[in-house]
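Letters A, B, ... mirror the listed sequences (proteins, then strands); counts begin at 1.
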Protein chains: 2
Amino acid sequence: MTNIRDLAREAHVSVTTVSRVLNDHPYVADDKRQAVQAAIQKLGYIRNQTAVHLSTGQTHTIGVMLPFVDHPYHAAILQGIARCAFEEGYRFLTWQTNYVESHEHTVLKALAQREVDGLIIVSHSLSVDEILQYEQYGPIVFCEYHPHASSVYINHYTAFQKGLKALQSLHHTEIGICLGRPDSTNSLARKQAYQDTVSDDARPEWIYEQALTIEDGAHVARAWMNQSQRPTAILTASDHVAAGIILELREQGYRIPEDLAVIGFDGSDLAVVLNLTTVAVPYETIGRHAFSIAISDSWQQHPQTEIPTTLKNGTTASILCVK
Amino acid sequence: MTNIRDLAREAHVSVTTVSRVLNDHPYVADDKRQAVQAAIQKLGYIRNQTAVHLSTGQTHTIGVMLPFVDHPYHAAILQGIARCAFEEGYRFLTWQTNYVESHEHTVLKALAQREVDGLIIVSHSLSVDEILQYEQYGPIVFCEYHPHASSVYINHYTAFQKGLKALQSLHHTEIGICLGRPDSTNSLARKQAYQDTVSDDARPEWIYEQALTIEDGAHVARAWMNQSQRPTAILTASDHVAAGIILELREQGYRIPEDLAVIGFDGSDLAVVLNLTTVAVPYETIGRHAFSIAISDSWQQHPQTEIPTTLKNGTTASILCVK
DNA sequence: TTGTACGCGTTATCAT
DNA sequence: ATGATAACGCGTACAA
């Protein structure tokens with residue numbers, strides 16, 4: 001493997017001059033520059049990036065920690081990160097943690113070990129404090145709201161409130177909600193929005209937890225059918241869950257939204273094909289913002305960037321479907 | 001940043017001994033080992049991976065080249081790669097190329113520059129020969145069939161044939177197909193399967209090209225409606241396209257499968273929620289195989305690994321729906 | 001404008 | 001069992 005020393009010898013210049021040519025530095029005579037370039041051609045030289053990384057102390061790589069890569073929600077954030085990273089000449093490493101804490105530690109360690117210049121945390125199960133201990137090694141940006149950390153987030157409280165108020169404006173008073181992991185930051189905010197907005201009509205038995213997948217949605221539907229007192233509308237935390245509920249209920253002969261109004265969350269392809277009423281989230285934008293914070297110096301101020309959501313009208317809970 | 005020299009000084013041993021302790025090598029006395037470990041604790045030492053990479057000449061990182069990260073199809077392959085990589089203590093870098101050739105060159109260059117130990121190419125637009133020139137720098141594994149390269153693939157010819165024969169067994173004789181990028185390896189195989197299987201009934205105007213997204217599917221549906229001679233069944237190259245066709249046609253008052261039978265491809269979430277008849281592909285398995293080939297020595301023999309597909313019955317083209 | 005010499009942090013070779 | 005010391009390949013003060 002030929003290196004810059006070989007080039008220097010071949011071109012009859014010093015390694016410094018070679019390095020200058022390689023990095024487009026000024027102050028190098030044209031004849032020498034050409035001599036170096038000729039040597040590069042002749043010897044088929046290719047720069048070793050690892051050596052650059054060691055020498056400069058930077059890898060130009062950002063790490064991304066997320067539970068799963070194959071969920072539309074996360075993939076869309078990745079999309080934003082990918083676009084931005086490419087534009088900036090950065091790479092990104094992805095770690096899939098499945099919310100396993102030991103795996104999350106692996107990711108944090110990678111930051112400490114200088115494998116990456118910074119970290120974007122899409123979702124996590126370790127405590128924020130524990131994660132922030134690694135901030136001494138480089139920028140850590142969350143895609144969730146955390147007041148004492150750099151975070152790019154959607155306001156799950158107001159987003160959920162938006163859905164709930166829409167249902168109320170359709171004269172629903174018996175409203176249920178679906179949550180994902182019950183103790184996650186997002187779920188807590190959503191539950192709070194539920195209690196504040198629906199207030200007196202809020203009922204614990206209408207809060208369906210651990211609802212994350214299509215399959216989980218079907219479970220929720222079955223639970224709903226078995227209840228003596230049923231909500232007339234359900235706001236979910238993902239389009240997948242909404243889809244599961246709707247499919248199962250239709251299967252059983254119920255009509256949506258007449259028997260049960262359902263609102264999704266995400267604005268994914270599922271919402272398009274099922275024509276779901278849903279809370280659309282610009283995930284790609286979140287990824288872009290998170291990335292640009294991670295590679296700038298602004299992260300040190302722990303900036304808070306809220307990304308707005310929009311309620312997208314469909315046929316599973318719309319004015320058109322209500323008398 | 002403390003390094004192994006600091007540790008050596010602190011523990012009163014040589015850097016070699018420190019390195020041995022760090023890498024669990026034998027031949028190091030217990031007292032020295034403990035002294036080193038104490039020094040590690042005291043100085044808060046963390047190993048610099050970049051230096052390890054330079055010294056060993058390996059990065060323990062695999063690069064993944066794909067057009068988009070936010071398509072279920074690619075995300076599922078990534079999932080397989082992610083699982084395998086984690087198990088093996090490897091990292092993976094993802095490059096999203098959008099099928100832009102200059103971007104693809106960037107990825108190949110990264111292999112030459114030793115940023116990654118190997119490359120998995122999910123899909124590409126550069127010629128295989130051009131890509132294979134970079135094989136001198138490390139393993140390159142394709143997730144498409146290429147006879148002279150390491151490849152993990154599904155047989156698009158037989159997979160498409162499977163769908164076509166299913167339609168024929170439902171007594172369809174007027175069959176159309178949707179293809180993605182018209183000149184891709186996959187599309188060519190699919191077109192061949194169409195011509196061979198449907199043979200005399202194959203019609204150029206029933207081959208709908210550039211059909212990749214839900215939106216494209218809607219276009220296909222409109223094209224179909226405008227035709228004087230319409231196929232009675234369409235086999236698509238993705239569930240997205242199938243979904244787009246079905247939604248648009250239902251919108252216009254057509255019935256599926258009575259007016260048009262539709263078969264999807266992928267076996268994605270869309271197929272689940274729309275109850276599509278589809279050709280299911282185990283993408284995660286493809287990712288796993290590709291990865292394990294990339295990190296073993298077997299790639300040098302250019303192994304060919306075919307992954308089987310299965311026809312999944314739904315309601316958009318099933319025996320149940322035909323008299 | 002150019003070059004020398006050292007640093008980056010680790011592993012590997014070869015003595016002892 | 002342990003330790004000097006030379007790689008690995010590049011960037012960069014500092015000197016000239």
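In this structure, B:V13 and A:L22 both approach DNA chain D, and ranking their closest nucleotides by distance from the 5' end singles out B:V13.
Judged by a 6.0 Å distance limit and a 45° cone about the ring axis, A:R181 is positioned over the six-membered ring of A:Y99.
A donor-acceptor contact closer than 3.5 angstrom links the side chains of B:E135 and B:H302. For the 3.5 Å distance criterion, the side chains of A:T17 and A:S14 qualify, holding a donor opposite an acceptor.
In this structure, the CD atom of A:Q34 is 12 Å from the P atom of C:dT2, given to the nearest Å. B:E115 places its CD atom 16 Å from the P atom of D:dG9, with the value rounded to the nearest Å. At whole-Å resolution of the value, NE2 in B:H12 and P in D:dG3 are 12 Å apart. Between the CG atom of B:D24 and the C1' atom of C:dT11 there is a distance of 15 Å, given to the nearest Å. Following rounding to the nearest Å, A:N48 (CG) and D:dA7 (P) show an atom-to-atom distance of 17 Å. Taking atom CD on B:Q113 and atom P on D:dC10, their separation rounds to 10 Å, with Å as the unit. Going from atom CZ of A:R114 over to atom C1' of C:dC8 covers 12 Å, rounded to whole Å.
The two atoms that bring A:I62 and A:V116 nearest to each other are C-CG1, 4.1 Å, heavy atoms only.
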Polar atom pairs (N or O), protein with nucleotides 12-16 of chain C, under 3.5 Å:
residue	atom	partner	partner atom	Å
C:dA12	N6	B:T16	OG1	3.4

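For the segment residues 1-11 of chain B, the set of residues with a heavy atom within less than 4.0 Å of an atom of DNA chain C comprises B:M1, B:N3, B:I4, B:R5, in numerical order.
With C:dT10, D:dG3, C:dT4 as the candidates, the nucleotide lying closest to the side chain of B:A51 is C:dT10. The side chain of A:L54 lies closest to C:dC8, out of C:dT1, C:dC8, D:dC8.
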Quick one: side chains of residues 138-148 of chain B, donor-acceptor pairs under 3.5 Å with protein atoms, not counting sequence neighbours, listed by atom name and distance.
residue	atom	partner	partner atom	Å
B:E144	OE1	B:H124	NE2	3.4
B:E144	OE1	B:H146	NE2	3.4
B:E144	OE2	B:S123	OG	3.3
B:H146	NE2	B:H124	NE2	3.1

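Residue A:Y27 places none of its side-chain N or O atoms closer than 4.0 Å to OP1 or OP2 of D:dT12. One finds no side-chain N or O of B:S14 lying less than 4.0 angstrom from the OP1 or OP2 phosphate oxygen of D:dA4.
Note on residues 40-65 of chain B: pairs passing ring pair (Phe, Tyr, Trp, His ring centres under 6.0 Å), not counting sequence neighbours, are B:H60-B:Y90. Among residue pairs with one or both ends in residues 4-26 of chain B, none qualify as ring pair (Phe, Tyr, Trp, His ring centres under 6.0 Å); sequence neighbours excluded. Under the side-chain hydrogen bond (donor to acceptor under 3.5 Å, both in side chains) criterion, no residue pair touches residues 29-38 of chain B, with sequence neighbours excluded.
When each of A:I40, A:D6, A:V13 is checked for a side-chain contact (heavy atoms from CB on, under 4.5 Å) with A:V18, only A:V13 meets the rule.
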